[in-house]
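Below: the structure, in structure tokens.
This structure is a prediction, so every number in the text was calculated from the model and none was measured.
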Amino acid sequence: MNEEQNSFIIIFTITLLIIVLTMIFVYLIFIRKKTKLLIEQKEKDLHFEKELATSQVEMKEQTLNYIGQELHDDLGQKLSVVRLRQNQLIPKLTNAEKEELSELNELLGECIQDVRNLSKTLITEQIIHFGLIESIEREIKRIKKLRLLTIEFVSQKHDIDITPKHGLILFRIIQESINNILKHSRAKNVAIKLEDDHDTLQITITDNGKGFNTDIINDGSGLKNMELRAKLIHAEFSIQSKLEEGTKTTITYHKNLS
């Protein structure tokens, strides 16, 4: 009887030990997988933040360059013309009138210098970011001034309900797509369409350019970069293109995944 009890105790102890060891093993595997997932998520978050920071800097630089150039070229030139016309009128005036106009001329000269200084400052300073729709409208306005192609922009709403960070990433994708069209497509017409509903935001960019073979993607084309940006915000990115038939780029952003 004692031998049976001893055997039972030994078997029970071994079984219990095996169960405990198995639980410890499973727990260690669980902890290892959890740690791996946390590290991967952390790396993904860091990569996203890095890409976002890069996008913010790029957007700031382009916006600041645009504003600074507008101040310098447009407003600065107009003020310079006004000052030139004043200088032409001064000899035709009486001494009293000349003195008054000269004071205005000096003030105008200070304004011109202030505009020039401000334009230089804006090129290097930061500004407040615009929303997605307004950013697209400003980009289109800038492109239209080049007079290289016609751009049609269609949007159901003026405000899109997405986080500013993700909106910025989407803007950078659109901007990259437009730059590709300008550089490579030889297109004359471009259409940008935003379709926004409760769950998704779909952005479609089409052009009537020369098209290209989508099976052959040049590393310098920016397509891989656009696809990477889309993945960062869980958006779907696709390009359809045929030679001599133009290109269609589609970005589908899922709001419930943001």
**OP:** Taking the side chain as every heavy atom from C-beta outward, state whether Leu201 and Leu170 have any pair of such atoms under 4.5 Å apart.
**Re:** yes
**OP:** With rounding to the nearest 0.5 Å, note down the distance linking CD1 in Ile233 to NZ in Lys231.
**Re:** 13.0 Å
**OP:** Treating Ile, Leu, Val, Met, Phe, Trp and Tyr as nodes and any side-chain heavy-atom pair under 4.5 angstrom as an edge, say whether Leu148 and Ile181 lie in one connected cluster.
**Re:** yes
**OP:** Walk me through it: do Glu245 and Lys210 pass the test side chain to side chain contact (heavy atoms under 4.5 Å, CB included)?
**Re:** CA-CA 6 Å; Glu245 293 186 17; Lys210 64 179 184 178; over 6 Å; no
Subject >> Closest non-hydrogen atom pair, Asn213 against Leu243 >> reply: N-CD2, 4.2 Å
Subject >> Thr249 and Thr204, any side-chain heavy atoms less than 4.5 Å apart >> reply: no
Original post:
Applying the 4.5 Å side-chain criterion to the ILVMFWY set and letting contacts propagate, would Leu21 and Ile29 be lumped into a single cluster?
Top reply: no
**OP:** Report yes if some heavy atom in the side chain of Val190 is under 4.5 Å from a heavy atom in the side chain of Thr150; otherwise report no.
**Re:** no
Original post:
For atom CG of Asp197, is the number of surrounding heavy atoms from other residues, nucleotides or ligands below 6.0 Å larger than 12?
Top reply: yes
Original post:
Do the ring centers of His166 and Tyr253 come within less than 6.0 Å of each other?
Top reply: yes
Original post:
Are Thr252 and Phe237 side-chain neighbours, meaning at least one heavy-atom pair lies under 4.5 Å?
Top reply: no
**OP:** Evaluate the side-chain proximity of Glu139 to Ile174: yes if any heavy-atom separation is below 4.5 Å, no if none is.
**Re:** no
Subject >> Validation row: Glu137, Lys141 side chains within 4.5 angstrom (heavy atoms) >> reply: no
**OP:** Evaluate the side chain to side chain contact (heavy atoms under 4.5 Å, CB included) criterion for residues Ile178 and Ile192: first the C-alpha distance (whole Å), next the side-chain angles of each, then the deciding distance (0.1 Å), finally the verdict.
**Re:** CA-CA 10 Å; Ile178 295 175; Ile192 303 174; 3.8 Å; yes
Subject >> Heavy-atom closest contact (Thr200 atom, His254 atom, distance) >> reply: CG2-ND1, 3.5 Å
**OP:** Flag the pair Arg138 and Glu134 as a salt bridge only when some basic side-chain nitrogen lies within less than 4.0 angstrom of an acidic carboxylate oxygen.
**Re:** yes
**OP:** Please step through side chain to side chain contact (heavy atoms under 4.5 Å, CB included) for the pair Leu223 and Glu227, ending with a clear verdict.
**Re:** CA-CA 6 Å; Leu223 299 181; Glu227 187 175 4; over 6 Å; no
**OP:** Heavy atoms only: give me the nearest Gly211-Thr247 pair and the separation to one decimal.
**Re:** CA-OG1, 3.8 Å
Original post:
Less than 4.5 Å apart, any side-chain heavy atom of Leu132 and any of Ile162?
Top reply: yes
**OP:** Could you grab the distance from atom CD1 of Ile251 to atom CD1 of Ile173, nearest 0.5 Å is fine?
**Re:** 5.5 Å
**OP:** Could you please spell out the steps behind the salt bridge (charged side-chain N to carboxylate O under 4.0 Å, His left out) verdict for Asp199 and Lys255?
**Re:** CA-CA 5 Å; Asp199 297 318; Lys255 296 180 181 179; over 6 Å; no
Original post:
Given side chains that start at C-beta, do those of Leu194 and Ile136 come closer than 4.5 Å, heavy atoms only?
Top reply: yes
**OP:** Working to the nearest 0.5 Å, report the span between CG of Leu28 and NZ of Lys33.
**Re:** 12.5 Å
Original post:
Taking all non-hydrogen atoms of both residues, which atom of Thr206 and which atom of Lys248 are closest, and how far apart?
Top reply: CG2-CG, 3.5 Å
Subject >> Nearest heavy-atom neighbours spanning Asp207 and Ala187 >> reply: CB-CB, 3.8 Å
**OP:** Report the distance from atom CZ of Phe171 to atom CD1 of Ile169, rounding to the nearest 0.5 Å.
**Re:** 11.5 Å
Subject >> Donor-acceptor side-chain pairing of Ser177 and Asn180 below 3.5 angstrom >> reply: no
Original post:
Passes side chain to side chain contact (heavy atoms under 4.5 Å, CB included), Asn208 versus Lys188? Steps please.
Top reply: CA-CA 7 Å; Asn208 65 342; Lys188 295 299 180 183; 4.3 Å; yes
**OP:** Kindly give the heavy-atom pair with the smallest separation between Lys44 and His234, and that separation in Å.
**Re:** NZ-CE1, 3.1 Å
